[in-house]
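Below you'll find the structure, written out as structure tokens, and then a few comments.
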Number of protein chains: 2
Amino acid sequence: MATTTETAGSNAQRERRRRILDATIALADTGGFDAVQMRAVADNADVALGTLYRYFPSKIHLLVTALGREFERAEAQSRTRAVPGDTPHQRVMHVLGVTTTALQKQPQLTEALTRAFMFADASVADEIHLVGIKLTAMITHAIDGTDEAREPTTEDMAIVRVIGDVWLSALMGWVTGRTSADDVTKSMDVAVKLLLR
Amino acid sequence: MATTTETAGSNAQRERRRRILDATIALADTGGFDAVQMRAVADNADVALGTLYRYFPSKIHLLVTALGREFERAEAQSRTRAVPGDTPHQRVMHVLGVTTTALQKQPQLTEALTRAFMFADASVADEIHLVGIKLTAMITHAIDGTDEAREPTTEDMAIVRVIGDVWLSALMGWVTGRTSADDVTKSMDVAVKLLLR
DNA sequence: TCCAAATCTAGAACGTGTTTCAATCATACC
DNA sequence: GGTATGATTGAAACACGTTCTAGATTTGGA
């Protein structure tokens, strides 16, 4: 793999970067989007405010990058095992259900990361794209069900895109307190039923 | 109709409210979300900052209310005529196409209103709900195609919900500069094809 | 018409994201 | 080892959403 942002720079720099992202996640987990204050992140990560801004040009970049790291972790884990369920619908719902449950356990963190994702503009396109790829991989893997990666068809990809859209929208409703976590699962179920038939 | 927020208060108050919303739209149309600064809105509407906050408790409330007003206008207009097209798919795409074209002509305004919608939390639930109702009405009317309103089936409503979700997601990609307006139309087309078959 | 209550105004002030700057520190190269 | 270059620090300053206050104005009822 080519040298990416994660592995660039000196040891000390990689350490700083890790501390910053750890502090970000910790603060987000405690108090959500509003608790991720740049001064607090800098303090907790033991770097100066200016340094924080040298590593991440905005709060949104910071949070979306943190989201990418979490997503990467989740997707890597999901990749290791086959998804239970007899039909694509069941398997997709299984993955979505597991994920939703996980998100429910850390509502503040979910709120912070989702808000950042929604607010991100073109300057964060790369990080957003990474998240999209990971999500697509997870759902495609679920439709497939096997350990082996298969080349998804055009229709598969379209379906996955729509599922991702519905998911984001449902998540948005949940993190903004307009709907319940149950509603997320329900609307996913309806959408998946419509799409995988 | 019961006395709603729009018609409550004295003449002078209704006038102030209208001036505020007009100033909001004008600023949004010029410079998008960032240009809608509370001090600028107050100045342009000839009210004090404190008064602005008495009418709308936050910038998000202000923008989402303005969005509701615009949506109401659009839906009222769409209600007056039958939608052209021979199939539900064609008719829905016609409505979405017309709407997307309209939004493209005022990209800054679209950006401001969409961002506000995405950022809105539970305290704006009423205004959000109004927008949802209007959108649902427009798409249901398009599926139907006739002048007469028909009671939508459960499946209709589910489909309309999913279409709305995909639309929001596509719009989000567009207003944040990650995708083109063409992409919006394309992804709507794919989603509608998947759903209305 | 007059008064009490509500509303409006002008402006200061606060919090947090972001920028800037001078001084200090670390690193790489001679 | 010495030095140039870049990174880091600490702190101040700015922008904009939001809150607050004291006084002026408007409104609605007696």
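Chain letters run A, B, ... following the sequence lines, proteins first, then strands; residues in each count from 1.
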Subject >> Earlier contact from the 5' end, DNA chain D, for B/M38 and A/R16 >> reply: A/R16
Original post:
Quick one: does B/T24's side chain have a donor or acceptor within less than 3.5 Å of a partner on B/L63's backbone?
Top reply: no
Original post:
Looking at CG of B/L62 and CG of B/L67, how far apart are the two atoms once the value is rounded to the nearest 0.5 Å?
Top reply: 11.5 Å
**OP:** In plain terms, say whether B/E72 and B/R69 are close enough for a salt bridge, that is, a side-chain N and a carboxylate O under 4.0 Å apart.
**Re:** no
Original post:
Looking for any heavy atom pair under 4.0 Å, which part of the strands does A/D46 touch: base, sugar-phosphate only, or nothing?
Top reply: sugar-phosphate
**OP:** Take A/T51 and B/K59, find for each the nucleotide of DNA chain D with the closest heavy atom, and name the residue whose nucleotide sits nearer the 5' end.
**Re:** A/T51
**OP:** Considering only NZ, NE, NH1 and NH2 on the basic side and carboxylate oxygens on the acidic side, decide whether A/R161 and A/D165 come within less than 4.0 Å.
**Re:** no
Subject >> Phosphate OP1/OP2 of C/dA6 contacted by B/Q13 side-chain N/O (<4.0 Å) >> reply: no
Subject >> Interatomic distance, B/H61 NE2 vs D/dT19 P [rounded to whole Å] >> reply: 11 Å
Original post:
Among C/dT9, D/dT9, C/dT18, which nucleotide sits nearest the side chain of B/A48?
Top reply: C/dT9
Original post:
How long is the line joining CG of B/D34 and C1' of D/dC14, in whole Å?
Top reply: 16 Å
Subject >> B/Y53 side-chain proximity, nearest of D/dT18, C/dT18, D/dT8 >> reply: D/dT18
Subject >> 5' priority, DNA chain C, between A/I60 and B/L52 [closest heavy atom] >> reply: B/L52
**OP:** Output yes when at least one side-chain N/O atom of B/R39 is less than 4.0 Å from OP1 or OP2 of D/dC16, else no.
**Re:** no
Subject >> Whole-Å distance separating the CZ atom of B/R14 from the P atom of D/dT26 >> reply: 18 Å
Subject >> Residue whose nearest DNA chain C nucleotide is more 5′ - A/V36 or A/A12 >> reply: A/V36
**OP:** Check every atom of D/dT8, D/dT19, C/dT19 against the side chain of A/L49 and return the nucleotide holding the closest atom.
**Re:** C/dT19
Subject >> Shortest side-chain distance from B/R54, nucleotide among C/dT7, C/dG17, C/dA12 >> reply: C/dT7
**OP:** Quick one: label A/F56 by what it contacts on the DNA or RNA (base, sugar-phosphate, nothing), any heavy atom closer than 4.0 Å.
**Re:** nothing
Original post:
Of the nucleotides C/dA10, D/dG17, D/dT9, which has the atom closest to the B/Q37 side chain?
Top reply: D/dG17
Subject >> Protein-nucleotide distance (A/F33, atom CZ; C/dT16, atom C1'), rounded to Å >> reply: 11 Å
Original post:
Could you state the CD-P distance from A/E15 to D/dA7, rounded to the nearest angstrom?
Top reply: 19 Å
**OP:** Please determine if B/R39 and B/D43 form a salt bridge, counting it only when a charged side-chain N lies under 4.0 Å from a carboxylate O.
**Re:** no
**OP:** Round to a whole Å and report the spacing from CZ of B/R19 to C1' of C/dC8.
**Re:** 12 Å
Original post:
How long is the span from the CG atom in B/D121 to the CD1 atom in B/I60, to the nearest 0.5 Å?
Top reply: 8.5 Å
Subject >> Length of the CZ-C1' vector between A/F119 and D/dG17, whole Å >> reply: 12 Å
**OP:** Whole angstrom is fine here: how far is it from CG in A/L62 over to P in C/dG17?
**Re:** 10 Å
